[in-house]
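A quick write-up on the structure given underneath.
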2 protein chains.
Amino acid sequence: MGVTLSPAKALQLWHDVNLHLIRGDEPDLSTRQITLLLTVYLEAPPHTVRDLAAKLGVSKPVITRALDSLGKLDLLTRRRDEADRRNVLVQRTVKGVLYLERLAETVGRLAKQV
Amino acid sequence: MGVTLSPAKALQLWHDVNLHLIRGDEPDLSTRQITLLLTVYLEAPPHTVRDLAAKLGVSKPVITRALDSLGKLDLLTRRRDEADRRNVLVQRTVKGVLYLERLAETVGRLAKQV
DNA sequence: TTTTATCGTTTCGGAGCCGTTTCATTCTGG
DNA sequence: CCAGAATGAAACGGCTCCGAAACGATAAAA
């Protein structure tokens, strides 16, 4: 349960992954965007704008705009909640799954090299 | 040599650390800025603007501006190279050391919880 | 039904980051 | 000594992000 990571190796891993993200062709996601994306994929639905804003500790417009950006990239999608049409439900996409699979592979591979 | 990290744990770790960065009071650093900061602290000096730009795969003005931003935060500092006054040498600061120590502690602690 | 509350979006003004191009300073080789 | 190369910074235009406040749509309460 849990992985032991010395301070030096933690920094090296953080450096290597970020460097990989910079050098890659993938579009750059902000810290808030990647955290939002991971939250939707790691936690159980449903995900509303309000809930996501609270979980991330940011304002609702930040979520709305991040959903705009991530939606354009097909990494997430929105749907109206028919049970309560005030709500918007945030859902996963195939491209989002593939994106995070690549990210997980990268982190895992670089951790092994540390 | 190296740490084994399953895909699920890699994503959870990436999520947790980014969430911690968002929620913290620390000023948000861009991916390029944090990578630059880590490069200076992990690799041996001297560090010139040109070398750092090449290592990160970005243009020189990106480095110049990142140094402006990180300099305002006292995380890095500039000094003229007296041997070749065209060069600027990027150097570490006490605040930068402390900042990265905190980051390393955070990554290590959250990795243990994964 | 009418009023109140909730939800997500839009608007507004401000700030930061980006790449390209241009520039001043400094060094180097003929 | 002087023309050319190298270095980092500044200027320019474009894009994105941010929080606060105002807004319409929907639901719940009175």
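Keep in mind it's a predicted model, so treat the numbers as computed, not measured. Lettering follows sequence order; numbering is per chain, from 1.
Between the CD1 atom of B:Ile22 and the NE2 atom of B:His20 there is a distance of 11.5 Å, given to the nearest 0.5 Å. Rounded to the nearest 0.5 Å, atoms CG (A:Leu29) and OG1 (B:Thr31) are 8.5 Å apart.
Taking a heavy-atom distance under 4.0 Å as the criterion, the stretch of DNA chain D touched by chain B extends 5' to 3' from D:dA6 to D:dA11. The nucleotide range of DNA chain C contacted by chain B, defined by atoms under 4.0 angstrom from heavy atoms of the protein and reported 5' to 3', is C:dC17 to C:dC27.
Contact detail for A:Val107 and A:Leu13: the closest heavy-atom pair is O-CD1, 4.0 Å. Nearest heavy atoms, B:Ala66 versus B:Gln33: CB-CG, 4.2 Å. Minimum interatomic distance between B:Gly108 and A:Ala10 (heavy atoms only, all atoms of both residues): N-CB, 4.4 Å. In terms of heavy atoms, B:Gly2 sits closest to A:Lys9 at N-NZ, 4.0 Å. In terms of heavy atoms, B:Arg80 sits closest to B:Arg85 at NH1-O, 2.7 Å. The shortest heavy-atom contact between B:Ala104 and A:Pro7 is CB-O, 3.6 Å.
For the segment residues 34-61 of chain A, residues with any heavy atom less than 4.0 angstrom from an atom of DNA chain C are, sorted by number, A:Thr48, A:Val49, A:Arg50, A:Lys60, A:Pro61. Contact check of residues 67-80 of chain B against DNA chain D (heavy atom, cut-off under 4.0 Å) returns B:Arg78.
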For this session: Would you please test B:Asp51 and B:His47 for side chain to side chain contact (heavy atoms under 4.5 Å, CB included) and show each step?
Result: CA-CA 6 Å; B:Asp51 290 344; B:His47 302 285; over 6 Å; no
For this session: List the steps, then state whether side chain to side chain contact (heavy atoms under 4.5 Å, CB included) holds for A:Thr35 with A:Arg32.
Result: CA-CA 5 Å; A:Thr35 306; A:Arg32 286 167 164 82; 5.8 Å; no
Exercise. Please walk me through it: do A:Arg78 and A:Asp68 pass salt bridge (Lys or Arg N to Asp or Glu O under 4.0 Å)?
Worked result: CA-CA 9 Å; A:Arg78 273 187 269 222; A:Asp68 291 342; 2.2 Å; yes
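At the heavy-atom level, A:Arg65 lies under 4.0 Å from base atoms of the strands shown. Here A:Gln33 lies in heavy-atom contact (under 4.0 Å) with sugar-phosphate atoms only.
Comparing A:Ala66 and A:Asp81 by the nucleotide of DNA chain D whose heavy atom lies nearest to each, the residue mapping closer to the 5' end is A:Ala66. Comparing A:Ala83 and B:Val88 against DNA chain D, the residue whose closest nucleotide sits nearer the 5' end is B:Val88.
A:Lys55 is linked by a salt bridge (charged side-chain N to carboxylate O under 4.0 Å, His left out) to A:Glu43, counting only residues two or more places apart in sequence or in another chain.
In the hydrophobic clustering (ILVMFWY side chains linked at under 4.5 Å, chained through shared members), A:Val94 is joined by A:Leu98.
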